[in-house]
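Naming: A, B, ... by sequence-line order, numbering from 1 per chain.
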There are 2 protein chains.
Amino acid sequence: MAESEVEGRDRELHQVAADRLASIDQRYTRGRRELVGALERATNPLTVEQILLTATSVPQSSAYRNLVVLEDAAIVHRIVTSDDYARFELTEDLTEHHHHIICSECGNVVDFTLPGAVESEVDKALNAAARKIGFSGDHHRLDLVGTCADCL
Amino acid sequence: MAESEVEGRDRELHQVAADRLASIDQRYTRGRRELVGALERATNPLTVEQILLTATSVPQSSAYRNLVVLEDAAIVHRIVTSDDYARFELTEDLTEHHHHIICSECGNVVDFTLPGAVESEVDKALNAAARKIGFSGDHHRLDLVGTCADCL
DNA sequence: CTCAGTGCAAAGGATTTGCATGCCG
DNA sequence: CGGCATGCAAATCCTTTGCACTGAG
C-alpha cells in the first residue's frame, strides 16, 4: 500500500510538472524530468553542483537553463543564501509550506516547519505592514540563521 | 534640540564604529567613514553601486574590501536577494530590529518593523524548532516578497 | 621607517549565452 | 520536415585579489 502511494505521488508530481510546463508552452523533456527527480529525492534545497551529482547525464549548462524554465513554470524555487551558490527546491505547493535554517558557517540549509498558529499570525502582521507602505505582498520568507551540529 | 540630538547620534555611531574596528585591530579610515556615512544616510539597504554614488572618492575595490572589514567588525550587515547584487546596511544594534520587503520585479528592498508581540512569538517558535534539529539558532530573518508600488 | 590601507588593473568563478546538432511532435 | 531543446565552449559580470604606492604613528 505504501509503495503504490509513493508511486502515485510520483506520477502526480511529474504530471503536474508536465502540465505547468505545457501551460507556458514548454516540454517536459528527459533532462527536465531528471532535474525534478533530483529535487524530489532531496530533503533540502540543493546547489547546482549537488543536483548534478544525482542528475548525471545533465550537462551543467542545461541544468542552469532548465532550472530557469522550471522556475518560470512555478515548479522549482530558487533560494539564495550568503554563500556563492544558489540552491533549488520544489515549490511549496508541490511539497508543503516550510522554512529554512541556514548554517552561517558552511551555508548548508535544512527544512523545518512551524505551528500553523504562528504562521497565520505572521502572515497577518506582514500583510498589514505591506499595505502600510504600498506593497502588494505575495509570500513571506522566514529563515533562521544559526550553526549546524557539524559546525558547532 | 533636534539638531544636537542628531549630531550626538552621529558622533555615537562613528565612535561605535571606531571602537569595533579597534577591537579587531583595524583603523577607522576616511574611506571606511565614508562607507558608514553612506549607509547611515540611507533608509534601506544599498547595493555597492548605490553606495558608490554617495561615497564618491571611494574606489570600487576599496568599497568591496572595506565592506568585508566592516562586516567583520559587526558594523555592517550584508543581505542577499535573488538579483545579482549584494546589499548592505548598518547592523541592527546600530539601528533597530526590522525586516525587509523585497520587490520580486525590481529587487528593491524596503525596511519595515513588526509589533513586538509578533517578534517574540516568532523567536520562541523558531528556537523550539532549531533545538529539535540540533541547530544553535542565532537570529531570524523574516522577509516579505511582493511587488512595490512602482512595479505594480 | 613600518606597515596597514589604498587604488589600479587583472584574475576568479558562478552563471549565462551563441551556435551547430539532434530529437520530439 | 520544423522548431525547440541540447551541449559544448566562450563570454558575462559581480566580486576578489596581486602588487606597488602612500600616509599615519
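Between A/Thr29 and the phosphate of D/dC4, there is no side-chain N or O to OP1/OP2 separation shorter than 4.0 Å. Regarding contacts with the backbone of C/dT6, every side-chain N or O of B/Ser62 stays at 4.0 angstrom or more from both OP1 and OP2. Between A/Tyr64 and C/dT16, a side-chain N or O to OP1/OP2 separation shorter than 4.0 Å is absent. Residue A/Asn66 has a polar side-chain atom (N or O) positioned under 4.0 Å from OP1 or OP2 of D/dT6.
Under the 6.0 Å cut-off for aromatic ring centres, A/His140 and A/His97 qualify, their centroids lying closer than that.
Distance from the side chain of A/Val68 is smallest for C/dT16 among the nucleotides D/dT15, C/dT6, C/dT16. Distances were taken from every side-chain heavy atom of B/Val48 (C-beta onward) to each of C/dT6, D/dT6, D/dT15; the shortest belongs to D/dT15. Listed nucleotides: D/dG18, D/dG7, C/dG25. Nearest to the side chain of A/Arg27: C/dG25. Nearest nucleotide to the side chain of A/Gln26, out of D/dA5, C/dT6, C/dT15: D/dA5. Candidate nucleotides D/dG7, D/dT16, D/dT6 were compared by shortest atom distance to the side chain of A/Ser61, and D/dG7 ranks first.
Under the 4.5 Å side-chain contact rule for hydrophobic residues, B/Leu144 and B/Ile79 do not share a cluster.
Look at CZ on B/Arg32: it is 14 Å from C1' on C/dG7, rounded to the nearest Å. Between A/Arg33 atom CZ and D/dT6 atom C1' there is a gap of 16 Å when expressed in whole angstrom units. To the nearest angstrom, C1' of C/dA14 lies 13 Å from CG of A/Leu67. At whole-Å resolution of the value, OH in A/Tyr28 and C1' in C/dG25 are 19 Å apart. In this structure, A/Glu34 places its CD atom 14 Å from C1' of D/dG7, rounding to the nearest Å. Taking atom CZ of residue A/Phe88 and atom P of nucleotide C/dA14, one finds them 14 Å apart after rounding to whole Å. We find that CG of A/Asp25 is positioned 14 Å from C1' of C/dG25, with the value rounded to whole Å. Between the C1' atom of C/dT16 and the CZ atom of A/Arg78 lies a distance of 11 Å, rounded to the nearest Å.
The base of C/dG5 lies outside donor-acceptor range of the side chain of B/Arg65, with no N or O pair under 3.5 Å. Side-chain atoms of B/Arg30 and base atoms of C/dG7 include no donor and acceptor less than 3.5 Å apart.
B/Gln60 comes within 4.0 angstrom of a base, heavy atoms only.
Looking at A/Ser57 and A/Arg30, their side chains do bring a donor and an acceptor atom within 3.5 Å of each other. Counting only N and O atoms by type, the side chains of B/His77 and B/Glu71 include no donor and acceptor under 3.5 Å apart. Under 3.5 Å, the side chains of B/Arg20 and B/Gln26 contain no donor-acceptor pair of N or O atoms.
Checking side-chain atoms of B/Glu92 against main-chain N and O of B/His98 turns up a donor-acceptor pair under 3.5 Å.
Comparing B/Asp84 and B/Val58 by the nucleotide of DNA chain C whose heavy atom lies nearest to each, the residue mapping closer to the 5' end is B/Val58.
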